[in-house]
4 protein chains.
Amino acid sequence: FHAAVQTGQLRKATNMVCTVSDDRGEEVTYAGTPMSTLIAEQYGIGDVISLLWFKRRLPPWAVRFIEMCIVVAADHGPCVSGAHNAIVAARAGKDVVSSLCSGLLTIGPRFGGAIDDAALNFMRGADEHIPPDEFVESMKRAGRRVEGIGHRIKSAECRDSRVELLSAYAHQRFPSTRYLEYAQQVEAYTLQKSTNLVLNIDGCIGALFADLLSGAADTLFDGAHLDEHERSQAVRSIIELGALNGLFVVARSIGLIGHVIDQRRMKQPLYRHPWDDVLYAQDDLAPT
Amino acid sequence: FHAAVQTGQLRKATNMVCTVSDDRGEEVTYAGTPMSTLIAEQYGIGDVISLLWFKRRLPPWAVRFIEMCIVVAADHGPCVSGAHNAIVAARAGKDVVSSLCSGLLTIGPRFGGAIDDAALNFMRGADEHIPPDEFVESMKRAGRRVEGIGHRIKSAECRDSRVELLSAYAHQRFPSTRYLEYAQQVEAYTLQKSTNLVLNIDGCIGALFADLLSGAADTLFDGAHLDEHERSQAVRSIIELGALNGLFVVARSIGLIGHVIDQRRMKQPLYRHPWDDVLYAQDDLAPT
Amino acid sequence: FHAAVQTGQLRKATNMVCTVSDDRGEEVTYAGTPMSTLIAEQYGIGDVISLLWFKRRLPPWAVRFIEMCIVVAADHGPCVSGAHNAIVAARAGKDVVSSLCSGLLTIGPRFGGAIDDAALNFMRGADEHIPPDEFVESMKRAGRRVEGIGHRIKSAECRDSRVELLSAYAHQRFPSTRYLEYAQQVEAYTLQKSTNLVLNIDGCIGALFADLLSGAADTLFDGAHLDEHERSQAVRSIIELGALNGLFVVARSIGLIGHVIDQRRMKQPLYRHPWDDVLYAQDDLAPT
Amino acid sequence: FHAAVQTGQLRKATNMVCTVSDDRGEEVTYAGTPMSTLIAEQYGIGDVISLLWFKRRLPPWAVRFIEMCIVVAADHGPCVSGAHNAIVAARAGKDVVSSLCSGLLTIGPRFGGAIDDAALNFMRGADEHIPPDEFVESMKRAGRRVEGIGHRIKSAECRDSRVELLSAYAHQRFPSTRYLEYAQQVEAYTLQKSTNLVLNIDGCIGALFADLLSGAADTLFDGAHLDEHERSQAVRSIIELGALNGLFVVARSIGLIGHVIDQRRMKQPLYRHPWDDVLYAQDDLAPT
Ligand SMILES: CC(C)(COP(=O)(O)OP(=O)(O)OC[C@H]1O[C@@H](n2cnc3c(N)ncnc32)[C@H](O)[C@@H]1OP(=O)(O)O)[C@@H](O)C(=O)NCCC(=O)NCCS
Ligand SMILES: CC(C)(COP(=O)(O)OP(=O)(O)OC[C@H]1O[C@@H](n2cnc3c(N)ncnc32)[C@H](O)[C@@H]1OP(=O)(O)O)[C@@H](O)C(=O)NCCC(=O)NCCS
Ligand SMILES: CC(C)(COP(=O)(O)OP(=O)(O)OC[C@H]1O[C@@H](n2cnc3c(N)ncnc32)[C@H](O)[C@@H]1OP(=O)(O)O)[C@@H](O)C(=O)NCCC(=O)NCCS
Ligand SMILES: CC(C)(COP(=O)(O)OP(=O)(O)OC[C@H]1O[C@@H](n2cnc3c(N)ncnc32)[C@H](O)[C@@H]1OP(=O)(O)O)[C@@H](O)C(=O)NCCC(=O)NCCS
């Protein structure tokens, strides 16, 4: 309480507040941990993400999973929107940062965004004990596809090995995988509809990240005594802040920069989209 | 019908469709008008915007108003988010395009975005014949401020001259100003509440742009015979596509580039925000 | 001198300096001119650009030319890098600002950048009285193409009408067109080499903008008594600050936003570059 | 040769080339390594960066060093240009990607860029056997500061622990640290000038990354038999492609996203730079 008042008072005096890091002293600290400790105690990239985004060093099982997600999402070929725009900008002779940003700015609802929605949906379904069939059918009635379900190639007979490996890791190391289990119940129902409606990699990461944040709640929210409902709310609010989206962005930055370096190395010339791939039409704005 | 089929067939064959401009021939055309015509017939910037965004050359009264909006919105000092970030990037030694984009990326709901919402709200109020008092009170009940109403300095006694001048222009030249009139009825009501709850420049531009698009409907939607409701829907959908937002963005680009050039000319050094303006706090993510 | 000292002293006290605009008073001023004056005296977009970028309202002949440049450069079809990336981002479901920036970030040396170089080169040639043949041959020896010369379709027999019209305008209204004349002498020489080595639109705008800034020197640099050499230096430094590049960027923003609105209106789906248009290769980084 | 011809022929047929990754098969491959292998063989983030940027899995000593660099560069407080602009954009209500890009676009010569130059300079000094005193004095004559040297707080008596720890790691695990040794000789000379002219963290990372790429040459350039000079050229060209810059960008993305999440969580309002921190001046563009 006192702290809150003081904080309130101090806030009046400054225009900015920051709880991420502090560079005023002799060495920078990440959420209170000084840099020399980070180096001496072998903090990895997953540890640093957990400090800078979640203010706590998460337990090793969680940190390793964060790093696995980055490995899995780092790239997906040159044809997707992000890589494509980064490549086109690099071929226009632009620097690494500009080319990267040209690509990053395509990340959103249709490209990279299924993870968040999958996580939030499966959480809602599991927390509100919605039966899997009802969960699927209500989304169908609303004209929406179930985020995290479906694959063009994979099927019940031929699983995506990444999903298998991440799930296997989580079963071994996570304290609980109840959101994954809910997702799998949803998958069991959708597989009755069609054999390619498997839990895909976005759905798997989304569900497991919700399990991760819930399983690490004692570390994340140590000041607070949260009941199950409050904990679930707290996890959801982290996802709504954009943490999963952020993870995809950091991961894919690696791939985008890889494509930019690649084009520069090969000295690829200015890209021009071929005329004959465009339908030039005339139109007015009248509603159709 | 035939055209539609053909279009459908052609679309299969190409990956892109474009109805904006065509650079395949000897000279580029904007929505069908060749460049030499643009020059010979003295098309101005407002004309070009109307061609490239709305596929039609709008009548002179509308074109001049588009240009007035750009003049009014071109800059608003160095302290607002957009100019500030452009300045900071320029002082970090970045090129014009990067600095501009760093600034543009702050334009959104809280900075630059009141025009769209003001336009859509006033349209809804006027089209659904919501009494102005009910319009204001229902937004108040929803905990929302009326976009386009309110000013820190201006008041009923001391009007914003830009609002007066734009309104005067519209009264003289627009075929109808019914959305502006609705906005003024809303203002009449809010002024009873407080003397500074005047129609502000965002609200004025928003309402008048709705009037402009409605008044130019014959030009815009010439293929279609629209009743009043359909026309209103069509206008609304143009605003929802982002046209007003786009106008603010084009306008403010001029100012942002001005700030970038200014910092470069003065050889301003790297900006560092002052430490003592930041409250460094430690925190966890627990809900409060 | 006193002013300089004062400025120096004042600078110590603030972290920011701005000579573009001022929003502290009742109404914003652009380089000292209050908004109500801008509206009342019918300032157009060209006037506002000259105020915000060059601190002075340039004479009408110059302002109209600035606007003509924006008209000419506003768009060049959907296939060039900028439009393409804006389209791809829009089809990924991104908002207007993000899509615009994804496109803008491709503007640079290979796309949109020939105007600056053309201007600086022709200025150097004319100011240093380099004979046109020597100018061309020295660039050839350096392995460089003459920026602003050459066209894929146009030729001596079939001129680009935009070049003709802009030149005609300048001959009529500019106090001097000596940089254009130099450019035309260069063209006369290159045309002996090949019939398509005409002065192109970038070269024409570049040369004429140098003429414009020189011709408006009394307005631009009114505090200073500049001899011809100093004036030329001053003009060059404005171009080096990025003003011509900025003009292209503002102009093309109009087109990019047009493409974004177009894609949104047509509800175009996520773009994926076709696999069969990509050569997938394996490689190492060894020098070749 | 045959391969080259084939490549040449194939290139004609496609508009894009990519050697980074391949998503055509059942699972994506990174530089030829399929995703399931990445997961099964526990590739970490450093491994993925080395695959996607350098086409090879670098040896463990190198991979761990890449990860240490990301840890060290992930954040540096809220006051530096990048974090500041990301914070301002987040407070303007923008999404994670837009806010991140607003911050990233400040990374360049004055912010984040000393690492590349330090690396290239120390390489040149060591490869051309320039005596350290001559190296320093020649840069002084050219009016340049030695990139990678100097610290505001640290000194010979009070070393930066990060520099010590990274150097210790490299001495233990790198096959050679000759560029670091050269940098230390430079430091020995500059320390005679002033006690704070120590090798700083940027210089240390730059020199060691040059050592890393040289030490991993057999892996990186396995197709080629390079002599020492060629190897050095090849390493330099990788740095010139932007790889070190890219590493800083990926690292700092983590911090920027941390700041964005932080501001969103605290629901910080729109930032406006304080008027009284700005010197508003009037000016013309005359040279001074
Ligand atoms: C991944 C995806 C695009 C694959 O699509 P696809 O193999 O081309 O499948 P189709 O679009 O041909 O769909 C086949 C049928 O399955 C249904 N279907 C596909 N995905 C579905 C989903 N996620 N939820 C419900 N139904 C789905 C379709 O509606 C269609 O049924 P219909 O023929 O009765 O209309 C699709 O499953 C999807 O959109 N999933 C949700 C988003 C997502 O998770 N994306 C991340 C993928 S890694
Ligand atoms: C422009 C604006 C920020 C000026 O705010 P301000 O002068 O600081 O006014 P305050 O915030 O002190 O508000 C004073 C009172 O008027 C009310 N008020 C202010 N603007 C209001 C609006 N647009 N609609 C309804 N009530 C409003 C406030 O709720 C407050 O009432 P309260 O004391 O009962 O809570 C504010 O009017 C606003 O947010 N307007 C809507 C957004 C907009 O149009 N922005 C573009 C401005 S160019
Ligand atoms: C515009 C341009 C790309 C047209 O190119 P093109 O018609 O395809 O011409 P080609 O590339 O086939 O060149 C034909 C010959 O003319 C020469 N040439 C073309 N443009 C030249 C120039 N600007 N200066 C000198 N020589 C030039 C070429 O070197 C070539 O000679 P070669 O066969 O001996 O090598 C080219 O002229 C150019 O690069 N111009 C400079 C950049 C510029 O102004 N861009 C803006 C265009 S609006
Ligand atoms: C890091 C840095 C900004 C610290 O600067 P500082 O402590 O404020 O030092 P000062 O600017 O007060 O310089 C003090 C003296 O040392 C000299 N000096 C500082 N850094 C120097 C360098 N890198 N090379 C040569 N001389 C240097 C200055 O020229 C000055 O000498 P002078 O008084 O004769 O002009 C500065 O050393 C520097 O610019 N280094 C190079 C860039 C770099 O490596 N940046 C990354 C930092 S992590």
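Chain identifiers are assigned alphabetically (A, B, ...) following the order of the sequence lines, protein sequences preceding nucleic acid strands; residue numbering begins at 1 within each chain. This structure is a prediction, so every number in the text was calculated from the model and none was measured.
Most heavy-atom pairs under 4.5 Å with chain B: of the set Thr106(D), Leu104(D), Asn85(D), this distinction falls to Asn85(D). The candidate from Ser81(B), Gly112(B), Gly103(B) with the greatest count of non-hydrogen atom pairs under 4.5 Å with chain D is Ser81(B). The residue among Ala83(D), Cys79(D), Pro78(D), Gly82(D) with the most heavy atom pairs within less than 4.5 Å of chain B is Cys79(D). Taking chain B as the reference chain and counting heavy-atom pairs below 4.5 Å, the highest number among Leu105(D), Val278(D), Asp262(D) is found for Leu105(D).
Both the backbone and the side chain of Arg272(D) have a heavy atom closer than 4.5 Å to some heavy atom of chain B. Asp283(D) touches chain B through its side chain: at least one heavy atom from C-beta onward sits under 4.5 Å away, while N, CA, C and O do not.
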Please table the atom pairs, donor to acceptor, closer than 3.5 Å between any side-chain atom in residues 142-149 of chain B and protein atoms at least two apart or in another chain.
{"unit_1": "Arg144(B)", "atom_1": "NH2", "unit_2": "Glu147(B)", "atom_2": "OE1", "d": "3.1"}
{"unit_1": "Glu147(B)", "atom_1": "OE1", "unit_2": "Asn121(B)", "atom_2": "ND2", "d": "3.0"}

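Shortest non-hydrogen contact noted between Gly93(D) and Pro109(B) is O-CG, 3.7 Å. Nearest heavy atom pair, residue Arg110(D) against residue Arg91(B), reads NH1-O, 2.8 Å.
Under the side-chain hydrogen bond (donor to acceptor under 3.5 Å, both in side chains) criterion, His273(B) pairs with Tyr271(B), Asp277(B), sequence neighbours left out.
With hydrogens and angles disregarded, a donor-acceptor distance shorter than 3.5 Å links the side chain of Lys94(B) to the backbone of Ile107(D).
Within a 6.0 Å sphere centred on CD of Glu164(B), other residues, nucleotides and ligands contribute more than 12 heavy atoms.
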